[in-house]
Amino acid sequence: MNISDVDQSLRDRIENLRREIHYHNYRYHVLDSPLISDYEFDQLMLELRQIEEEHPDWITTDSPTQRAGSVPSEKFIKVRHPAPILSLGNAFDADGVRAWFDRILKLDERVIQADFVVEPKIDGLTVVLHYRNGIFVQGATRGDGEIGEDITANLRTIRALPLRIPISVDGPMPPSYLVVRGEAFITPADFEALNRQLEERGEKTYQNPRNTAAGALRQLDPTLTATRPLTLLTYDVVDGDGSLSESHTETLGMLRALGFPVIDEEHCDSLDDAIQAYNRLVERRDQLPFEADGVVIKINDLGLGENLGVVGKDPRGAIAFKFPAREVTTTLMGIGVNVGRTGVLTPYAILEPVEIGGVIVRQATLHNFDYIADKDIRIGDRVAVKRAGDVIPYVIGPLTTARTGQEREFIPPEVCPACEQPVEHLEGEVAWYCVNSACPAQLIRNLEHFVSRGAMDIVGLGIRIVEQLVDSGFIKDVADLYSLKHEDLLGLEGFAEKKADNLLQSIELSKNQSLPRLVNALGIRGVGEVGAGDLARTFSDLDMLSDASYDELQTVEGIGPNIAQAIVDWFDRPANKAVLEKLRAAGVWPRMMSSELEAEGPKPLDGMTFVVTGTLADFTREGVKDFIETHGGKVTDSVSKKTSYLVLGENPGSKYEKARSLGVMVIDEEGLRSLVISN
Ligand code: IVH
């Protein structure tokens, strides 16, 4: 082989790698049905990166390696859209929708026979995606509908966005020029997870998924966008060459076949059916994987829709039928302060109870003290409150025009509301902390975490008993659990011989838990299950971990300067040193075995994927996820053919029907437990 042959075979390899990676990425992020493991995927990426490093001139903008984020830009360049990016007229009830129908019927009598498509109206950000010869070349914001801003580099970081189409070798060829419209957003579940992570690190949490998505899309530095869980659904073709579709369903079919993530639509033969479809979606609103503020009813025949024209910026051929608002105003009666496990103080609003979308809301999050000051929220204010999907209700802001002068400014506490010790502010963080490790509020949270499933897994020790133990003074730190006596428990309300025996037995059993679990259980800020496992594999017992220096800790993958400092500080605190000595004395001192250092043994749920729907009796959403993951399984949001089991609770959502139609096995929580025991 001469040099050019070698080059050619490498070029073929690089092309194959890119094609495979794009396809597997699509299976994972668009179809939710991966064909290979994360490890195998990473190996493909690694090989591609290596070849590209050796041949930087071969890198193309559509290479999967180019998603991670390129160099920051100074500002966004303006882009003129190829056709106006129109908005939608609104209807707030079925009469409003019928009035729309009557109006357009007067303009074109063919409307009487029209069929419709009903889609959820996603509360995200409109994006306009340009493809030339199947390559994603430009992406823009909506802007004023005529001119938007070029956010191509940011959009490339969204895994669900195809960098080239068709995504599979057997897909249809795309038109040489195609402009697609979609909505970028962050799912409520990803949003809550992001906020939990930020809170753990003492950083500012975000207000709501939409703001967070908007901020991420308008980041000048795409590497920051890449760290935000943005995703995408498309629903329209704005422009293109060649023969485009005649109906909206055909457009969606084409987008799907090309490999785009496409919104779930419902085809309806009549307006009445469309209104029924709306009613069904209102019911399922909380189960949608995005926040929707209504549905869009669209005339399916694109020619007919076009002929109806536009009023202002709203096409007559479609209408937004809004869901009942989940934003209300109420009075802020007070501001409470919670103390979290890591001592973070979080303010919350105490509201005059108000109904939002069928749920009575009494409390709402106020994020952090800066938020209250920035928004000038005062006690006694009328405030706007929003409850959206699974996102915790939050205060949007005050209605300053409704002020009477009686409102009071809120002054953040200088001492912890639970233990009255002075609170501290860490350099560079927004959060205030109570650093007293004997603080009862923290102790309760700490104990709750210590005994939880991913940690020491002490069965039968729920929050009520944790509170009883702290209130009665038997427990002053987590290690005191191991010196609890039978007679201590008998003195507590609700405890008889048997219950006390069982609990003491569970506590005894937990002495055998592994080092990763104990490290996780200690509740060091920023150290969760994964970090605890990594630390335990490097420092094989608590003596070694407590002796590790700030620099040594940072040699562990995933442990950055902030977490390293938090670990050093934790082991330096005299109260924590005392806890460790008590644990050692009680025999709670696991060491990593050399076999464990290699890899953990097989777990009963290894290789299985679970989806959970409905309310479970004994588990919270987080709890069941913990349980499944601790035993080696994976939890995903949507049912696909790859789902091993659907775990069914009370009032299940549409996932149940989907599981049945795909032949996925359905079990209840007993069934889930038995998988762990019998395997
Ligand atoms: S159709 C001419 N369909 O809602 C086409 N819009 O005011 C008009 N939106 O910002 C849009 N989900 O980005 C359409 N399934 C959907 C949508 C949707 C969300 C957004 C759209 C626009 C707003 C309409």
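Keep in mind it's a predicted model, so treat the numbers as computed, not measured. Just so you know, these numbers use all the heavy atoms, side chains as well, and skip hydrogens, waters and symmetry mates. Both counts, for ligands and for their atoms, begin at 1 and track the order of listing.
In this structure, Pro120 has a heavy atom closer than 4.0 Å to ligand 1. Remark: distances from the non-hydrogen atoms of Ser87 to ligand 1 include one below 4.0 Å. At least one heavy atom of Arg181 sits under 4.0 Å from some atom of ligand 1. Not a single heavy atom of Arg142 lies less than 4.0 angstrom from ligand 1.
For atom 4 (O) of ligand 1, the closest non-hydrogen atom of the protein is Lys121 CE, 3.2 Å. From the protein, the heavy atom lying nearest to atom 3 (N) of ligand 1 is Lys298 NZ, 2.9 Å. Looking at atom 12 (N) of ligand 1, its nearest protein heavy atom turns out to be Ile122 N, 3.1 Å. Regarding atom 14 (C) of ligand 1, its nearest protein heavy-atom neighbour is Tyr235 CE1, 3.3 Å. The protein heavy atom nearest to atom 10 (O) of ligand 1 is Thr126 OG1, 3.1 Å.
Among pairs with a residue in residues 78-89, those fulfilling salt bridge (charged side-chain N to carboxylate O under 4.0 Å, His left out) read Lys78-Glu149, at least two apart in sequence or across chains.
Side-chain polar atoms of Gln138 and Asp150 form a donor-acceptor pair below 3.5 angstrom. Checked by atom type, the side-chain pair Ser270/Asp272 shows no donor-acceptor distance below 3.5 Å. For the residue pair Tyr26/Arg159, the side-chain donor-acceptor check at 3.5 Å is not satisfied. Side chains of Ser33 and Ser640: no donor on one and acceptor on the other come within 3.5 Å. Side-chain contact check for Ser245 and Ser247: no donor-acceptor pair (N or O, by modelled atom type) lies under 3.5 Å.
Between Phe321 and Phe92, the gap from one ring centroid to the other reaches at least 6.0 Å.
Counted within 6.0 Å of CZ on Arg362, heavy atoms from surrounding residues, nucleotides or ligands total 12 or fewer; the atom is thus considered open.
Taking a cut-off of under 4.0 Å to the non-hydrogen atoms of Ile263, the atoms of ligand 1 that pass are 15 (N). Using a 4.0 Å cut-off to heavy atoms of Glu119, the atoms of ligand 1 that qualify are 3 (N), 15 (N), 16 (C). Per-residue contacts place Pro315 under 4.0 angstrom from the following atoms of ligand 1 (heavy atoms of the residue considered): 2 (C).
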Would you give me the side-chain donor-acceptor pairs under 3.5 Å for residues 123-134, sequence neighbours excluded?
from, atom 1, to, atom 2, distance (Å)
Asp123, OD1, Arg210, NE, 3.2
Tyr131, OH, Pro162, O, 2.7

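Contacts between Val296 and ligand 1, counted as non-hydrogen atom pairs separated by less than 4.0 Å, involve the side chain only.
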